[in-house]
Every structure is written in C-alpha cells, then in structure tokens.
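The basis for the numbers below is simple: all heavy atoms, side chains too, and nothing from hydrogens, waters or symmetry mates.
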Amino acid sequence: QVQLVESGGGLVQAGGSLRLSCVASGRTFNTYTMAWFRQAPGKEREFVALITWSGSRTYYADSVKGRFTISRDNAKNTVYLQMNSLKPEDTAVYYCAARLDYSITYAQNMYPYWGQGTQATVSS
C-alpha cells in the first residue's frame, strides 16, 4: 500500500508562484512513475504533468508547458510541482498520483494511488 500526502497549496495572485509537494510512503519510491492531475470547479479531472522514475523524462499538458515544472527527490520520497506565472484558470484541487512501475501514461485510471489533494487558488 502506498500513501501520498500533498501540501503547498494556497491563495496567490495572478502571475505568482506556488510549489506543491507530495510525499510518498514505500521503500521503492525510486521505481514509481509520478504524476500531477488537477480538477477545477465543475470540470473533469485532467492531467498536468508526469515524471519518470529517475526524473530523466518529464511530460506536461499543453496548458501548463513552460510555466510548470515537475521534479522529484528520490532520497526524500517526494515529487514537486513548481507552478509559475499562475493564471486564474489554474485554480483547482491538485492531486499527485503514483504507478508502481516504469510505465508512462496520462490516463487517470492507470494510477492506483492518489493523494487527498491540495487546493490552489489564483485570484485575478
């Protein structure tokens, strides 16, 4: 069983930055594919970013490319999402998710482990 705990959300003005963190349990974190998803009010949850087990490859949704950066520290069992140049449309609950293998997928139903989510609100 893997537990994921997110933190770092909050209220920020448009153009500002937030850094989300997600700490995972488990001794084999360095084999997990990690991803961030988000769900805005009244919308479906959507893919934001993904990072492979070693951190050597990252993938982003077009809507956040160039503004968000996903990274990981395997020694700390932690994945991060640095969010810069935030826009009001980035307002959402952000979730981290884990797959316990090396596969790369954007599909939510392929991630068996999820955190509880952290709220990020961007005011205009």
request  = Could you pull out all residues at least two apart from Asp62 that satisfy side chain to side chain donor-acceptor pair (under 3.5 Å)?
outcome  = Lys65
key: Where at least one partner belongs to residues 29-82, residue pairs that pass disulfide bond (SG atoms under 2.5 Å apart), sequence neighbours excluded   = none
query = Any side-chain heavy atom of Glu44 within less than 4.5 Å of one from Gln39?
reply = no
query = Could you give all pairs that pass the ring-ring contact (aromatic ring centres under 6.0 Å, His included) test and reach residues 7-46, with sequence neighbours left out?
reply = Phe29-Tyr32, Phe37-Phe47, Phe37-Tyr111, Phe37-Trp114
task = Locate the shortest heavy-atom distance separating Tyr94 from Glu6; write the atom from each residue and the value.
result = O-OE2, 3.9 Å
ask   = Do Val2 and Leu100 come within less than 4.5 Å of each other through their side chains, counting heavy atoms only?
value = yes
task = May I ask you to test the Arg99-Thr105 pair for a side-chain heavy-atom distance under 4.5 Å?
result = yes
ask   = Do Ile104 and Tyr113 sit in the same hydrophobic cluster, where Ile, Leu, Val, Met, Phe, Trp and Tyr count as joined when their side-chain heavy atoms come under 4.5 Å apart?
value = no
query = Are the side chains of Asp101 and Thr31 in touch, meaning some heavy atoms are under 4.5 Å apart?
reply = no
ask   = Just how far is it from atom OG of Ser85 to atom NZ of Lys87, taken to the nearest 0.5 Å?
value = 8.0 Å
Closest non-hydrogen atom pair, Ala24 against Leu4 = CB-CD2, 3.4 Å
query = Looking at side-chain heavy atoms only, is the closest gap between Leu86 and Gln13 below 4.5 Å?
reply = no
message = Between Tyr59 and Ile70, is there a side-chain heavy-atom distance shorter than 4.5 Å?
response = no
request  = Would you check if Tyr60 and Val48 make a side-chain contact, meaning some heavy-atom pair closer than 4.5 Å?
outcome  = no
query = Side chains of Ser54 and Ser56: donor-acceptor distance under 3.5 Å anywhere?
reply = yes
Which donor-acceptor pairs under 3.5 Å do side chains of residues 117-124 form with protein atoms, sequence neighbours excluded?
residue	atom	partner	partner atom	Å
Thr118	OG1	Gly9	N	3.2
Gln119	NE2	Ala92	O	3.4
Gln119	NE2	Thr121	OG1	3.3

remark   = When every non-hydrogen atom of Pro41 is compared with those of Thr91, the smallest separation belongs to CD-O, 4.1 Å
key: Short side-chain donor-acceptor distance under 3.5 Å, Thr78 and Asp73   = no
task = May I ask you to check if Arg72 and Tyr80 form a cation-pi contact, with NZ or CZ under 6.0 angstrom from the six-membered ring centre and within 45° of the axis?
result = no
request  = Could you check if a side-chain atom of Val79 sits within less than 4.5 angstrom of a side-chain atom of Ile51, using non-hydrogen atoms only?
outcome  = yes
request  = Evaluate the side chain to side chain contact (heavy atoms under 4.5 Å, CB included) criterion for residues Thr33 and Leu50: first the C-alpha distance (whole Å), next the side-chain angles of each, then the deciding distance (0.1 Å), finally the verdict.
outcome  = CA-CA 7 Å; Thr33 295; Leu50 174 156; 4.0 Å; yes
request  = Among Ile, Leu, Val, Met, Phe, Trp and Tyr joined by side-chain contacts under 4.5 Å, find the other residues sharing a cluster with Tyr102 and list them by chain and number.
outcome  = Trp53
ask   = Glu46: what forms a salt bridge (Lys or Arg N to Asp or Glu O under 4.0 Å) with it, not counting sequence neighbours?
value = Arg38
request  = Could you give me the CA-CA distance, side-chain angles and deciding distance for Gln82 and Ser17, then say whether side chain to side chain contact (heavy atoms under 4.5 Å, CB included) is met?
outcome  = CA-CA 7 Å; Gln82 178 67 44; Ser17 298; 3.9 Å; yes
request  = Starting at CG of Leu18, measure out to CG of Asn84 and round the result to the nearest 0.5 Å.
outcome  = 9.5 Å
Distance, nearest 0.5 Å, that separates SG of Cys22 from CE of Met34 = 4.5 Å
